[in-house]
Amino acid sequence: MRYNPQEIDKKWQARWASDHLYKVDDDNGRSKWYEMTMYPYPSGNLHIGHWYAMAPSDAHARFKRMQGYNVLHPMGFDSFGLPAENAAIRQKVHPHDWTIQNIANMKRQLRSMGTIYDWTRVLSTMDAEYYRWNQWIFLQFFKNGLAYRENAPVNWCPNDQTVLANEQVVDGKCERCDAQVERTNLEQWFFRITKFADKLLDFSKLIDWPTRIKTLQENWIGRSEGVDISFDISHLGVEETELHTFTTRIDTIHGVTFMALAPEHPLIEKIVTPDKKLAINDYIQLARQQSEIERLATDREKTGEFTGCYAINQLNGDKIPVFAADYVLLSYGTGAVMGVPAHDQRDFEFATKKNLPIKVVISPENWNGEDLPEAYLGSGLLINSGIFDGISSDEGIRLIAEHVENASFGNRTISYRLRDWLISRQRYWGTPIPIIYCSTCGTVPVPEEDLPVELPRDADFQPKGKSPLASNTKFLNTICPNCGAKAERETDTMDTFVDSSWYQLRYVSPNYDKGPFDKQLLKLWGPVDQYTGGAEHAVMHLLYTRFFTKALNELGLLNFEEPFLRLFNQGTIIADHHKMSKSRGNVIAPDPFVESLGADVVRIYLMFLGPWEQGGDWSDSGIKGMSRWVNRVWDIAHIDTGEFDKVDEATTQDLTRDTHKTIRKVITDLDRFHFNTAIAAMMEFTNKLGTIALKKNVVPAVWQKAVETLLVLLAPIAPHISEELWERLGNSYSIHSQLLPQWDEALAADKMITMIVQVNGKVRDKISVQVGISEDEAKEAALNSPNAQGFVGDKDIRQLIYVPGRLVNIVV
RNA sequence: GCCGAAGUGGCGGAAUGGUAGACGCGAUGGUCUCAAAAACCAUUGGGGGCGACCCCAUCCCGGUUCGAGUCCGGGCUUCGGCACCA
């Protein structure tokens, strides 16, 4: 009887389903372990990248289960989003129907992997019973000032006819459709994530996150301490009497020779002098056509236009020309820069281009007044700085900040690169924002009891520059919940990152209808102990969900502050040394391999390819090795020990030792996601069993134990074949309800070891010695080694290095 | 430009500062077969020697150490992320 994966996979998948083997009890007396992998977008097919994320995480969750934990390892679908809407536009399929079909297919594929997902807990974000709680959370945020509406410049994708967050613009192009992004203004809903900037910088409550991800988030938040300093423009006769700018280098304030405003800065239109108006308007038009990313390109020449106006530096009375310059961003700081060409490289380039004076206020070492070839960014003694001359620039930062605060020219402040989270989408396939606009009462939140605001099935979702919901009058027209007058609904929907910002809370009680989650059950399960997923979500998803957790915590809805205590990022899988892509034609489809070789072989290969953390290189020939191994395990499990007639005590002891060594290696490796080396250890063990099977020289009971151990260790990785062989060996169902064996250090310990004999650090001999050998005995044995003696000769022995259990190094 | 990760046989990859190349793929030879496939056995970093063995070898150049793939300094290359952040 040969191993027949097609039959065995189906047999056990059906049995596990009908027995509800993976149904999770909320409280079964064991310690909880909540392990999640990032849920997929239901694009229609699980590709090998999905498998690469899910098979190892499933194996790890199974491993924890067999360690005795009560494991929750759920699965769901990120089912709102643009691809469904694009498919609807292209293929005239309703996004709902398209997504439902895809989910059905992907569920089938996920089952074919032999996963432990509890399908009674599956969630899908497009369900009204899910997104109503998006709306509910939105209302809580709104009531607590964490959601607000503002007219703001946004990235506009002309192709998708929609707004993109800065984070979703890649290389000046739309992340999803690659169209060149433009800039425009719209009324948008925001979540006030910036309020949590400092809390998000605090990683102290995390148990284990990659430093890399923490650094990325730190840089993304981009906290910098500085001074908000104002320049006097009261003489210009406009409403504003001061021009505010943020600087981290207040010590260079006396070196300001120009001001640069972002072209979109509202002040520009007001202050521009009549003779400059034409040129400025042209410049603003030009800047508007450029995406933010284009404007930020470092190799670009600095451009700008003089507004004809001057601002007054209140520290020294200098008259400073004000420019519009597109290297200044409206979205950072105050949208205005004080230009200090001598001590900032960008300002230096701008000043050079515009022939502006370069005034040195920090003296570089050994500087004797010549022109600077580039900006001097270092510290030094202040010069040309009035009463601050002669003090160090580092001290200047403190003293001048104090001075401007006392003089009411400015305030010490903290600026962040992080911007508030724009959640409005002018799209159909998403969560409607639960807001009503009334001509009398203004912006009115939908009462909680009226939730969900359901997404209507019929809508014209062809993009027309505004939300498809705006053309659905049945949806649009409503009654003001406040005064009963005719009113209109908000027609924007929410960013799908809202869905994924709290889904981990919903899995705990996916059908709960009195709130987003059952608080009691969440006390039991939350927070997530282990999260796994790709590093591409380092800043967006992971930052947003941390923000949600902290905000819900602050609103008293959660008793913890971090969503994911441990995070593991797997690498990406490539094929034949290249990134998989349709154009290259090297995309691996998992289904054919599952059909021909079985799910277990595909699972094993994905985990064997390389370290999970670093990704792996798939090759069609490599997977054959896994098939061979699994077949060898099959054969070994079928060996009849009745024929073992040359029993040898020493070999039997070796087998016991190898069994315990293998347990130790596999368990410690699986715990740390080192699947590849755990599998290698099991292969080695299999090879040893194969040799023994030929020699028939061990005690049958020890053999039996060794084979069963191998199967139990294999179970998390290859659930089907291990279950089948477990049954064939006469054990009771199910192997997946077994506990992993414990290893015994004493039994795993070697008796004889190979000791290395080195002469001057070079290996000259390998001798077999007792484990407990004393230092003196070891040294003597080393000196007596004939091989080593040949290299020592009659030279003086200067030193003998002894490393217990390892080597002796003879230094001559 | 900045930040991060990585560079080891023909290939994917193993190696608490202590036997470099575990495990697997591929290749070569053999067994089985009419033949092939599959499977199994053996060999497989390069060079030298009849041989026990010897020399060289972990991107490059230095350093620390009895001993470096591993630690330190400098450089090169690849991949990933971020990027005029005032």
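Note that these values count all heavy atoms, side chains included, but never hydrogens, waters or copies made by symmetry. Everything numeric in this text was worked out from a predicted model, so none of it was measured. Each chain gets a letter, A, B and so on, in the order its sequence line appears, and its residues count up from 1.
- Rounded to an integer number of Å, the gap from A:Trp612 CH2 to B:A5 C1' is 18 Å.
- The cationic atom of A:Arg603 (NZ for Lys, CZ for Arg) does not lie both less than 6.0 Å from the six-membered ring centre of A:Trp51 and within 45° of the ring axis.
- For B:G26, the OP1/OP2 oxygens have a side-chain nitrogen or oxygen of A:Lys624 closer than 4.0 Å.
- Distances were taken from every side-chain heavy atom of A:Leu329 (C-beta onward) to each of B:G18, B:C55, B:C85; the shortest belongs to B:C85.
- Protein atom CD of A:Glu613 is 12 Å distant from nucleotide atom C1' of B:G4, rounded to whole Å.
- Between B:G10 and B:G46, the two P atoms lie 7 Å apart (nearest whole Å).
- Between B:U31 and B:C25, the distance separating the two P atoms is 22 Å to the nearest Å.
- Comparing B:C66 with B:G17, their C1' atoms sit 12 Å apart, to the nearest whole Å.
- A:Lys214 comes within 4.0 angstrom of nothing in the nucleic acid, heavy atoms only.
- OP1 or OP2 of B:G80 has at least one side-chain nitrogen or oxygen of A:Lys579 nearer than 4.0 Å.
- Applying a 4.0 Å cut-off to non-hydrogen atoms, the residues of residues 672-679 of chain A that approach RNA chain B are A:Asn676, A:Thr677, listed by residue number.
- A side-chain N or O of A:Trp743 and one of A:Glu745 form a donor-acceptor pair less than 3.5 Å apart.
- Taking atom CG on A:Asn687 and atom P on B:G24, their separation rounds to 5 Å, with Å as the unit.
- Residue A:Ser224 places at least one side-chain N or O under 4.0 Å from the OP1 or OP2 atom of B:A86.
- Phosphate contact (OP1/OP2 of B:A83, side-chain N/O of A:Arg417, threshold under 4.0 Å): present.
- The separation of B:C23 from B:U77, taken at their P atoms, amounts to 36 Å, rounded to a whole angstrom.
- Under 4.0 angstrom from either OP1 or OP2 of B:C25 there lies at least one side-chain N or O belonging to A:Arg628.
- Comparing the P positions of B:A20 and B:C59 gives an interatomic distance of 16 Å, to the nearest angstrom.
- RNA chain B is contacted by both A:Gly622 and A:Asp344; A:Gly622 maps to the nucleotide lying nearer its 5′ end (nearest heavy atom per residue).
- The separation of B:G69 from B:A6, taken at their C1' atoms, amounts to 13 Å, rounded to a whole angstrom.
- Taking atom CG on A:Asn787 and atom C1' on B:U19, their separation rounds to 14 Å, with Å as the unit.
- A cation-pi geometry, defined here as NZ or CZ lying under 6.0 Å from the six-membered ring centre and within 45° of its normal, holds between A:Arg764 and A:Phe791.
- Atom CG in A:Leu243 sits about 18 Å away from atom P in B:A86, given to the nearest Å.
- B:G74 has its base anti relative to the sugar, with a glycosidic angle deviating from 0 by more than 90°.
- Using a 4.0 Å heavy-atom criterion, one finds that A:Ile756 contacts the bases of the nucleic acid, with or without backbone contacts as well.
- Ion pair A:Asp326/A:Lys302 not flagged as a salt bridge, since none of the NZ, NE, NH1 or NH2 atoms sits closer than 4.0 Å to an Asp/Glu carboxylate oxygen.
- Here OG1 of A:Thr307 is found 10.5 Å from CE of A:Met259. Values are rounded to the nearest 0.5 Å.
- Among the protein residues, A:Ser619 comes within range of no part of the nucleic acid, since none of its heavy atoms lies under 4.0 Å from any strand.
- The side chain of A:Lys766 places no N or O atom within less than 4.0 Å of a non-bridging phosphate oxygen (OP1 or OP2) of B:G18.
- Non-hydrogen atoms lying under 4.0 Å from RNA chain B are contributed by A:Val803, A:Arg806, A:Leu807, A:Asn809, A:Val811, all within residues 802-812 of chain A.
- Using a 4.0 Å heavy-atom cutoff across all strands shown, A:Glu684 reaches sugar-phosphate atoms only and no base atom.
- With salt bridges taken as basic N to acidic carboxylate O contacts below 4.0 Å, none links A:Glu349 and A:Lys353.
- Comparing the P positions of B:G12 and B:G7 gives a spacing of 12 Å, expressed to the nearest Å.
- Using a 4.0 Å cut-off, no side-chain N or O of A:Asn631 falls inside it from OP1 or OP2 of B:A38.
- Here the P atom of nucleotide B:G1 and the CD atom of A:Glu374 are 14 Å apart, to the nearest Å.
- The ring of A:Phe258 has its center closer than 6.0 angstrom to the ring center of A:Phe350.
- The separation of B:G9 from B:U43, taken at their C1' atoms, amounts to 15 Å, rounded to a whole angstrom.
- Scanning both residues, A:Asp394 and A:Ser379, for their nearest heavy atoms gives OD1-CB, 3.7 Å.
- Side-chain N/O atoms of A:Arg346 include one lying less than 4.0 angstrom from OP1 or OP2 on B:C85.
- A salt bridge links A:Asp318 and A:Lys359; the closest N-O separation between the charged side-chain nitrogens and carboxylate oxygens is under 4.0 Å.
- In this structure, CG of A:Leu216 is placed 17 Å from P of B:C2, rounded to the nearest angstrom.
- Annotation: the span from A:Leu418 atom CG to A:Gln217 atom CD amounts to 10.0 Å, rounded to 0.5 Å.
- A:Phe791 comes within 4.0 angstrom of the backbone, heavy atoms only, and of no base.
- Between A:Glu225 and A:Arg223 there is a salt bridge, with a side-chain nitrogen of the basic residue lying less than 4.0 Å from a carboxylate oxygen of the acidic one.
- In this structure, the CG atom of A:Leu694 is 14 Å from the C1' atom of B:U31, given to the nearest Å.
- Closest to the A:Asp617 side chain, of the nucleotides B:C85, B:G12, B:C82, is B:G12.
- Proximity of the aromatic rings of A:Tyr605 and A:Trp618 is defined here by a centroid distance below 6.0 angstrom, and this criterion is met.
- Each of A:Glu536 and A:Phe246 was assigned the nucleotide of RNA chain B with the nearest heavy atom; the assignment lying further toward the 5' end belongs to A:Glu536.
- The side chain of A:Phe608 sits closest to B:G24 out of B:A86, B:A83, B:G24.
- At B:G18, none of the side-chain N or O atoms of A:Arg764 fall inside 4.0 Å of OP1 or OP2 (strictly under the cut-off).
- Between A:Arg2 and A:Asp635 a salt bridge is recorded (basic side-chain N to carboxylate O distance below 4.0 Å).
- Set against B:C82, B:C56, B:U19, the side chain of A:Trp220 has B:C82 as its closest nucleotide.
- Note on A:Met626: only backbone sugar-phosphate atoms sit closer than 4.0 angstrom, heavy atoms only; bases stay farther off.
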